[in-house]
Amino acid sequence: SNFRIMLGLVVASFFLIYFLKLSYIESVIIIFAGILMLIVELINTAFEKSLNLITKHHNEDIKYIKDIMAGAALIVSLVWLLILTVIILF
């Protein structure tokens, strides 16, 4: 579900690149950051699904790993949003 939302946002950013006629380097930066965000979200999802196969019971270590991966996905998403905002506004 998060991946679909992120994918939609990345596709929307492609339209922004086109309509705002951003420079080549600005476009590459936005596209690279968007793809990186999607890759990290896929890795996060793979880790979560894999860890769920290990045990169905509550495990603090597994929860910690999931929290770290979710944090990584959040940070990359926020950096993508920051890059997009800075490029569009300035």
Side-chain angles (χ1 to χ4, degrees):
S1 179
N2 285 345
F3 182 80
R4 288 186 191 137
I5 293 168
M6 290 177 179
L7 182 59
L9 292 171
V10 170
V11 169
S13 74
F14 293 164
F15 286 106
L16 279 174
I17 289 168
Y18 177 76
F19 287 117
L20 295 177
K21 308 235 184 295
L22 298 178
S23 72
Y24 175 77
I25 190 70
E26 291 170 330
S27 301
V28 168
I29 291 169
I30 291 171
I31 291 168
F32 177 78
I35 291 171
L36 180 63
M37 177 179 66
L38 294 174
I39 290 169
V40 171
E41 183 57 34
L42 286 172
I43 293 169
N44 178 40
T45 302
F47 264 87
E48 284 192 15
K49 297 293 183 187
S50 299
L51 292 170
N52 287 342
L53 292 174
I54 293 172
T55 181
K56 300 291 184 207
H57 303 289
H58 180 76
N59 181 311
E60 281 299 315
D61 292 329
I62 288 178
K63 181 186 177 310
Y64 184 70
I65 294 168
K66 287 181 175 183
D67 289 346
I68 290 171
M69 287 305 302
L74 177 63
I75 290 169
V76 172
S77 299
L78 292 174
V79 168
W80 173 80
L81 184 60
L82 178 66
I83 289 169
L84 189 64
T85 302
V86 167
I87 288 175
I88 289 173
L89 295 180
F90 303 103

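Positions are given from 1, in the same order as the sequence printed here.
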With rounding to the nearest 0.5 angstrom, report the [atom1] to [atom2] distance, [X] to [Y].
X: I39; Y: F3; atom1: CD1; atom2: CZ; value: 9.5 Å
X: I75; Y: L82; atom1: CD1; atom2: CG; value: 13.0 Å
X: M69; Y: S50; atom1: CE; atom2: OG; value: 10.5 Å
X: I31; Y: I17; atom1: CD1; atom2: CD1; value: 4.0 Å
X: L84; Y: L9; atom1: CG; atom2: CG; value: 9.0 Å
X: I54; Y: L51; atom1: CD1; atom2: CG; value: 5.0 Å

message = Enumerate the salt bridge (Lys or Arg N to Asp or Glu O under 4.0 Å) contacts for residues 58-73, please, sequence neighbours excluded, ordered by first and then second residue.
response =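 Non-adjacent pairs meeting salt bridge (Lys or Arg N to Asp or Glu O under 4.0 Å): K63-D67.
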
request  = Answer whether the closest heavy-atom distance between the side chains of E41 and L38 falls below 4.5 Å.
outcome  =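 No. Closest side-chain heavy atoms not under 4.5 Å.
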
inquiry  = Does F32, at its CZ atom, have more than 12 non-hydrogen atoms belonging to other residues, nucleotides or ligands within less than 6.0 Å?
reply    =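 No, CZ of F32 has 12 or fewer neighbouring heavy atoms, counting only those of other groups under 6.0 Å.
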
Would you kindly confirm whether [X] and [Y] end up in one hydrophobic cluster when ILVMFWY residues are joined by side chain heavy atoms under 4.5 Å apart?
X: V28; Y: F14; answer: no
X: L74; Y: V40; answer: no
X: L89; Y: V86; answer: yes
X: L16; Y: Y24; answer: no
X: V10; Y: I88; answer: yes

query = Would V79 and V76 satisfy side chain to side chain contact (heavy atoms under 4.5 Å, CB included), going step by step from the backbone distance to the final call?
reply = CA-CA 5 Å; V79 168; V76 172; 5.7 Å; no

ask   = Backbone N or O of E48 within a donor-acceptor pair of the N52 side chain at under 3.5 Å?
value =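 Checked: pair present.
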
